[in-house]
There are 2 protein chains.
Amino acid sequence: MENQFKQIATLIGDPTRATIMWTLLEGKAFTATELAITVTTSPQNISMHLTKLVQANLLVVESQGRHKYYRFARKEIAYAIEAMISLVPPTVNTKKIESQKVSPIKYCRTCYDHIAGKVGVALTDSLLQQQLIIENTTGFEVSPEGEKWFASFGIPLSVLKQQKRSFVRPCLDWSERRPHIAGSLATALLDKMVHEDWVRKIRGSRALVVTAKGKKEIQTHFRIDL
Amino acid sequence: MENQFKQIATLIGDPTRATIMWTLLEGKAFTATELAITVTTSPQNISMHLTKLVQANLLVVESQGRHKYYRFARKEIAYAIEAMISLVPPTVNTKKIESQKVSPIKYCRTCYDHIAGKVGVALTDSLLQQQLIIENTTGFEVSPEGEKWFASFGIPLSVLKQQKRSFVRPCLDWSERRPHIAGSLATALLDKMVHEDWVRKIRGSRALVVTAKGKKEIQTHFRIDL
DNA sequence: TCGACAGTTAAGTACAAAGTGAAGTGTTAG
DNA sequence: CTAACACTTCACTTTGTACTTAACTGTCGA
């Protein structure tokens with residue numbers, strides 16, 4: 001067990017592989033070449049590293065024609081990486097007053113495919129407080145009022161519920177250390193917010209920015225002052 | 001940010017350092033030498049690694065005399081390590097939350113010149129409960145009843161009080177993580193117990209053993225069942 | 001069919017960093 | 001006081017493994 005942990009740690013601990021994991025946090029699957037480019041290394045090298053990660057069950061690979069798509073094997077992998085990322089700030093923040101203000105990535109970021117960070121947690125709190133979602137023994141569920149609310153918000157739940165993946169579940173946010181919603185409902189929520197231009201994805205990063213319009217709308221819908 | 005993550009990852013990723021982190025999960029603080037033994041490496045090497053971990057704000061160190069106690073800088077560190085452990089292949093992932101009977105060094109040991117470990121904390125608790133010593137805002141003090149008690153026990157306080165070093169003060173015990181008495185009174189107490197052969201020092205170690213006589217006497221004087 | 005592309009495999013090299021031995025500081029114990 | 005101990009620092013050696021060069025398999029599109 002201890003040795004297995006060492007193996008995992010050394011595996012993630014290599015700079016190149018760490019960057020791979022960082023990149024994959026975006027949630028989508030990457031091809032080997034895409035990863036080689038974003039990590040800035042050779043195809044042979046990335047191939048070697050990916051093989052190791054797959055063998056260790058940290059990644060899974062799916063072949064499509066001449067491409068191979070790599071992604072996290074389980075969501076726990078993403079959580080672990082996030083937990084490690086959450087260790088970063090204190091080493092930096094000691095410097096300037098300016099940097100004490102919440103960094104974008106902590107402020108609002110996509111956790112795999114749902115919304116995390118300060119905003120994600122606040123949204124979840126709001127949904128809970130309005131009793132649109134309810135905490136039960138196993139996790140979260142949507143209340144009858146919630147169903148109506150989401151429908152009027154433009155997210156009909158009937159479709160989502162039929163999907164394989166879990167509909168709505170709590171996910172611990174590592175920067176806030178409080179749960180936020182995950183699952184297909186959370187994804188739909190994020191999609192909607194992107195589509196309505198409430199938030200925008202920042203290219204080459206996992207951070208999101210909340211637009212002026214978004215701030216206003218979020219205020220009215222969720223009663224959150226950003 | 002990405003580079004900082006890489007640094008953290010590579011830092012934890014070294015086999016020796018990973019084992020250090022694993023060991024520290026136990027929650028208590030370890031000395032450099034203790035870590036060198038459990039990790040099975042040289043003192044120089046462990047010193048080097050610990051320095052790096054402290055510089056990265058993953059660990060904090062507290063000097064007590066010639067010992068240095070290392071522990072996690074924040075609880076988030078432990079969370080991250082646990083998240084990584086949860087990635088260990090599903091085969092044998094039953095975490096050992098441990099059987100281990102209390103080791104001698106944890107059981108009863110000298111913290112330089114006063115008595116620490118389970119017994120030390122228990123003694124302190126007993127003294128507090130009998131109101132022979134009293135907790136005030138700055139630390140501990142001996143009550144009038146306490147003075148009489150110590151005198152009858154063979155420790156006249158008048159002499160001790162004149163010494164330069166602090167007479168009685170609380171000292172955090174790292175294995176129990178609770179305070180025990182320190183200062184000249186504690187030293188006198190230990191001396192007395194050694195002299196009366198209640199406890200014996202183990203050569204080449206900081207551990208103490210309680211003799212059969214000691215168990216009996218401690219039971220009568222402190223109402224502690226060992 | 002061919003050439004371009006995506007990815008793999010194999011062998012050899014290079015270098016950062018882990019580990020070691022020796023000598024240092026500071027602390028405690030007798 | 002001196003000796004033992006806890007830990008650090010420095011200078012050196014060693015070694016693991018990441019990365020490179022090169023040649024390979026398999027897939028796609030014109």
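Just so it is clear, the structure is predicted and the values come from calculations on it, not from any experiment. Naming convention: chains lettered A, B, ... in sequence-line order (proteins, then strands); numbering from 1 in each chain.
- For the pair B/Arg66 CZ and C/dG24 C1', the interatomic distance rounds to 17 Å; values are reported in whole Å.
- When rounded to the nearest whole Å, the span between CD1 of B/Ile37 and P of D/dA6 equals 9 Å.
- Atom CZ of A/Phe5 is separated from atom CE of B/Met84 by 5.0 Å, given to the nearest 0.5 angstrom.
- In this structure, B/Leu35 places its CG atom 14 Å from P of C/dG19, rounding to the nearest Å.
- Put simply, CD1 on A/Ile46 is 10 Å from P on C/dT8, counting in whole angstrom units.
- Residues A/Tyr70 and A/Leu53 fail the side-chain proximity criterion, which asks for heavy atoms closer than 4.5 Å.
- In terms of the ring-ring contact (aromatic ring centres under 6.0 Å, His included) criterion, residue partners of B/Phe222 (sequence neighbours excluded) are, by chain and number, B/Trp149.
- The nearest whole Å value for the distance from the CG atom in A/Leu50 to the P atom in C/dT9 is 12 Å.
- As rounded to whole Å, 15 Å separates atom P of C/dA16 from atom NZ of B/Lys6.
- As rounded to whole Å, 16 Å separates atom P of C/dC5 from atom CD of A/Glu34.
- In this structure, a donor-acceptor pair under 3.5 Å is present between the side chains of B/Gln130 and B/Ser126.
- The OH-P distance, from B/Tyr69 to D/dA6, rounds to 11 Å in whole Å.
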Scoring nucleotides 9-25 of chain D by protein non-hydrogen atoms under 4.0 Å (B base, S sugar-phosphate only, - none) yields B--------SBSBB---

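- A distance of 10.5 Å separates CD1 of A/Ile85 from CD1 of B/Ile8, quoted to the nearest 0.5 Å.
- Qualifying ring-ring contact (aromatic ring centres under 6.0 Å, His included) partners for B/His221, counting only residues two or more places apart in sequence or in other chains: B/Phe153, B/Trp198.
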